[in-house]
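In listed order, ligands and their atoms are each counted from 1. Side chains are part of it too, since the values below use all heavy atoms of this structure and drop only hydrogens, waters and symmetry mates.
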Amino acid sequence: VRRDWGADESLGRHTDGSLIWPAAFEPVVSIVLHHTHGRNDDADPARTIREIHRFHTLDRGWGDIGYNFLIDESGAIYEGRSSAPECGAFVGENAAGWGVVGAHAKSMNRGSVGIGLLGTFTDRRPTAAAVDAVRDLVAWQVTRHGIEVTAADAIRGHGDVADTSCPGWGVREILDGLRHEVAEIVGR
Ligand SMILES: [Zn+2]
């Protein structure tokens with residue numbers, strides 16, 4: 001939940017209290033991995049997520065943080081984009097189990113879960129703990145939403161769907177292994 005990183009929920013609201021960016025939902029069909037392009041060896045990831053939240057919400061003007069989930073170097077998984085005002089049985093979903101649309105990959109936001117790995121992975125790999133957490137989170141999402149994990153477009157890096165160096169060399173390096181491990185976990 002967003003309390004884990006101390007989300008300032010007032011940032012995403014107009015002065016009358018209404019949400020700047022009320023949640024919209026779509027059936028989840030794919031996963032897109034990112035790096036946040038921030039500091040590595042981060043002693044205070046919650047503070048970093050608050051900074052990203054403020055940047056996306058106010059500087060970008062989106063009204064919320066764009067990633068659906070974030071993962072720090074210790075492998076902790078954080079809720080990103082809020083499903084408010086709806087609240088399903090699972091984080092980031094409505095009662096029908098559809099995922100909240102984030103803002104992480106332009107034309108690909110609808111129906112995709114954007115996972116931001118905290119750090120910069122242009123010349124280093126994510127920590128083993130972070131890789132484990134990505135695998136667990138992706139396996140859960142794949143199972144929960146019945147994503148066909150062997151499909152070419154099921155699990156991708158940001159650079160596979162847009163002209164960007166994100167998620168960096170180190171995350172691209174783990175993509176194939178991730179697909180295989182998730183396929184083994186979910187048994188297809
Ligand atoms: Zn990205």
Side-chain angles (χ1 to χ4, degrees), residues 2 5 7 12 21 23-24 26 28-42 45-83 91-92 99-127 129-142 145 147 149 151-179 182:
R2 288 154 62 97
W5 46 272
W21 185 21
E26 292 278 338
V28 173
V29 295
S30 73
I31 312 285
V32 180
L33 298 188
H34 304 265
H35 65 168
T36 60
H37 215 274
R39 62 180 76 84
N40 297 110
D41 308 312
D42 188 351
R47 186 189 64 184
T48 300
I49 298 172
R50 291 195 298 274
E51 289 170 358
I52 297 169
H53 180 223
R54 174 170 286 274
F55 179 68
H56 286 182
T57 302
L58 302 180
D59 301 79
R60 294 282 203 195
W62 296 341
D64 197 8
I65 191 166
Y67 303 111
N68 296 98
F69 294 94
L70 298 102
I71 293 177
D72 72 19
E73 292 163 310
S74 77
I77 300 171
Y78 303 88
E79 178 183 14
R81 171 75 176 117
S82 172
S83 65
V91 161
V100 61
V101 177
H104 58 92
K106 277 219 164 132
S107 62
M108 291 297 301
N109 287 316
R110 308 186 75 83
S112 73
V113 172
I115 301 174
L117 282 86
L118 288 165
T120 300
F121 302 106
T122 48
D123 60 3
R124 69 154 87 183
R125 291 168 189 260
T127 63
V131 173
D132 286 351
V134 173
R135 180 200 59 214
D136 292 346
L137 176 58
V138 171
W140 173 54
Q141 290 288 308
V142 162
H145 299 292
I147 297 170
V149 67
D153 56 357
I155 304 171
R156 290 181 288 187
H158 190 186
D160 296 325
V161 300
D163 183 19
T164 172
S165 64
C166 178
W169 167 85
V171 176
R172 286 198 300 274
E173 282 289 296
I174 67 164
L175 268 175
D176 271 337
L178 175 69
R179 292 187 186 102
V182 169

Margin query: Nearest N/O/S atom of His158 with respect to the Zn ion (ligand 1), by atom name, please.
Written below: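 Restricting His158 to its N, O and S atoms, the minimum distance to the Zn ion (ligand 1) goes to ND1.
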
Checklist line | His34 atom (N/O/S) at minimal separation from the Zn ion (ligand 1) | finding: ND1

Notebook entry, point to check: With a cut-off of under 6.0 Å to the ring centre and 45° to the axis, is Arg81 in cation-pi contact with Trp21?
Noted result: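 Output yes; distance and angle both within limits.
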
Contact check: [X] to the Zn ion (ligand 1), N/O/S below 2.8 Å:
X: Cys166; answer: yes
X: His35; answer: no
X: His104; answer: no

Check: Mind checking whether Asp160 and Leu175 have side chains closer than 4.5 Å, heavy atoms only?
Finding: yes

Note to self: Set out, in order, the CA-CA distance, both residues' side-chain angles and the distance that settles side-chain contact (heavy atoms from CB on, under 4.5 Å) for Asp64 and Arg2, then state yes or no.
What the structure shows: CA-CA 12 Å; Asp64 197 8; Arg2 288 154 62 97; 3.1 Å; yes

Next item on the list: Indicate the atoms forming the closest heavy-atom contact of Glu73 with Ala129, along with that distance.
Entry: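 Reported closest heavy-atom pair: O-CB, 3.7 Å.
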
Checklist line | Sidechain-backbone polar pair: Asp59 side chain, His56 backbone, donor-acceptor under 3.5 Å | finding: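 Here the side-chain-to-backbone pair does not exist.
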
